[in-house]
Amino acid sequence: MSTDVFRFREAGDADFDAVMGLYRQLHPADPVVLDGRDVFAQILGTPGLRLYVLEVDGVVVATTYLNLIPNLTRGAAPYAVIENVVVDADRRGTGLGKEIMAGTLQAAWEAGCYKVMLMTGSKTPATHAFYERCGFSPHEKTGYTARPDR
């Protein structure tokens with residue numbers, strides 16, 4: 001029987017290094033952010049932006065980023081977008097992803113969101129199956145992205 005203690009919570013200032021370490025796993029080819037503490041503080045201080053972490057025995061092992069978006073359709077119910085879903089590589093496949101996604105979705109429902117969306121760049125069938133097990137449907141919307149010319 002597992003004795004691990006899980007804690008889903010909003011991130012705080014002290015979580016910067018742990019979150020950045022998880023982001024390095026998500027996008028290892030990204031340029032290293034030398035001092036992102038100002039952006040981190042901006043995220044933490046902006047209403048509607050919620051950065052979550054999942055701790056196991058006091059160690060941050062996963063993170064999600066929930067963006068709550070005001071809306072004038074659907075009875076003025078907000079919607080949400082989840083970004084930057086990461087579980088520590090050494091702990092994937094242990095149910096932690098499902099745990100943090102459940103907490104993140106619950107936070108969106110408690111905020112009155114009528115839907116939650118996410119996009120993944122992964123082509124891995126297991127990743128898509130994971131999101132479907134978390135309650136997401138790939139059949140309702142079509143997602144597109146645009147990037148500036150560089």
Name every donor-acceptor pair, under 3.5 Å, that has one atom in a side chain of residues 116-127 and the other anywhere in the protein, sequence neighbours excluded.
unit_1: Thr120; atom_1: OG1; unit_2: Ser122; atom_2: N; d: 3.0
unit_1: Ser122; atom_1: OG; unit_2: Thr124; atom_2: N; d: 3.0
unit_1: Ser122; atom_1: OG; unit_2: Thr124; atom_2: OG1; d: 3.3
unit_1: Ser122; atom_1: OG; unit_2: Thr127; atom_2: OG1; d: 3.2

**Request:** Quick one: do Lys98 and Cys134 satisfy side-chain contact (heavy atoms from CB on, under 4.5 Å)? Show the steps, please.
**Result:** CA-CA 6 Å; Lys98 185 106 166 118; Cys134 289; 4.3 Å; yes

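No donor-acceptor pair closer than 3.5 Å links the side chain of Arg9 to the backbone N or O of Val53. Using a distance-only test at 3.5 Å, with no hydrogens or angles considered, no donor-acceptor pair links the side chain of Asn71 to the main chain of Ala76.
To the nearest 0.5 Å, the span separating CG on Leu51 from OH on Tyr65 amounts to 7.5 Å. Considering CG of Leu105 and CD1 of Ile82, their distance stands at 4.5 Å, rounded to 0.5 Å. How far CG of Leu66 is from CD of Glu83: 10.5 Å, rounded to the nearest 0.5 Å. Between the CD atom in Glu99 and the OG1 atom in Thr94 there is a gap of 10.0 Å [rounded to 0.5 Å].
Using cut-offs of 30° and 60° for the angle between ring planes, the Tyr52 and Phe8 rings count as parallel.
Contact check for Val39 versus Ile43: side-chain heavy atoms found under the 4.5 Å cut-off. Residues Leu54 and Val60 fail the side-chain proximity criterion, which asks for heavy atoms closer than 4.5 Å.
With sequence neighbours left out, Arg7 forms a salt bridge (Lys or Arg N to Asp or Glu O under 4.0 Å) with Glu55. Taking Asp88 as the reference, Gln25 meet the side chain to side chain donor-acceptor pair (under 3.5 Å) condition, with sequence neighbours excluded.
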